[in-house]
Amino acid sequence: MSPVASDSPVDAPLADWDDYVEAVLSVVESVPSGRVTTYGAIAEAVGSRGPRSVGRVMSTYGGSVPWWRVVRADGSLPPSHDEEALARYREEGTGLRASGRVDLALAAWWPSTSPAS
DNA sequence: ACATTGACGGGCC
DNA sequence: TGGCCCGCCAATG
């Protein structure tokens with residue numbers, strides 16, 4: 001649809017990436033307290049690119065969202081300031097295992113595959 | 001335009 | 001249970 005597009009000389013490609021970023025951040029913000037989700041889950045929720053891209057978004061724009069609610073597939077804590085993340089889990093009552101990892105069996109929460117609105 | 005790195009995932013030892 | 005390797009996708013320098 002629609003022709004267009006040539007009115008913006010230097011920001012078109014960035015808009016596409018920014019849209020993806022916005023979708024990812026939206027999912028992270030939608031994660032309920034005391035629950036956690038994985039990078040792969042977010043990747044599937046938004047629809048793609050790979051889990052690595054999700055991590056890239058978080059590292060760049062994740063500073064504005066509850067990044068601590070995002071853990072790896074095995075439940076290991078998010079990088080950087082993992083101690084702060086642990087504090088959040090204790091506050092929110094997130095199930096933690098002995099090794100200091102999140103108990104995905106208890107706190108695993110999967111976003112809707114259709115973000116929609 | 002090329003090569004490298006990276007907030008990952010899964011498999012194997 | 002923990003550590004090591006490979007593969008996947010895209011941005012950044």
Whole angstrom is fine here: how far is it from CZ in A:Arg101 over to P in B:dA7?
-> 20 Å
Whole-Å distance between B:dA7 P and A:Glu83 CD?
-> 18 Å
With both distances under 3.5 angstrom, what nucleotide forms a Watson-Crick or G-U wobble pair with C:dT1?
-> none
Comparing A:Arg56 and A:Pro51 on DNA chain B - which has the more 5′ nearest nucleotide | A:Arg56
Is the shortest side-chain N to carboxylate O distance from A:Arg69 to A:Glu92 below 4.0 Å?
-> yes
Select base, sugar-phosphate, or nothing to describe what A:Gly55 touches, counting heavy atoms under 4.0 Å on all strands.
-> base
Is the CD atom of A:Glu22 crowded by more than 12 outside heavy atoms at less than 6.0 Å?
-> no
Using only side-chain N and O atoms of A:Arg52, determine if any of them is under 4.0 Å from OP1 or OP2 of C:dT12.
-> no
Applying a 3.5 Å limit to both distances, which nucleotide forms a Watson-Crick or G-U wobble pair with C:dC8?
-> none
Out of C:dG2, C:dA10, B:dA7, whichever nucleotide has its closest atom nearest the side chain of A:Ser53 = C:dA10
Determine, for A:Arg49 against A:Asp16, whether the closest basic-nitrogen to carboxylate-oxygen distance falls under 4.0 angstrom.
-> yes
Listed by chain and number, what are the side chain to side chain donor-acceptor pair (under 3.5 Å) partners of A:Ser59, not counting sequence neighbours?
-> none
Which residue, A:Ile42, A:Val54, A:Val36, A:Val31, forms the side-chain contact (heavy atoms from CB on, under 4.5 Å) with A:Val70?
-> A:Ile42
For A:Thr60, which contact category applies under a 4.0 Å heavy-atom criterion: base, sugar-phosphate, or nothing?
-> nothing
Can you figure out which of C:dA10, C:dG2, B:dC8 approaches the side chain of A:Arg72 most closely?
-> B:dC8
Which nucleotide sits closest to the side chain of A:Arg49: B:dG9, B:dA7, C:dA10?
-> C:dA10
Spacing between A:Arg97 atom CZ and C:dT1 atom P, to the nearest angstrom | 6 Å
Close approaches to DNA chain B from residues 84-92 of chain A, in residue order (heavy atom, under 4.0 Å) = none
Out of C:dA10, B:dA7, C:dG2, which nucleotide sits closest to the side chain of A:Pro78?
-> B:dA7
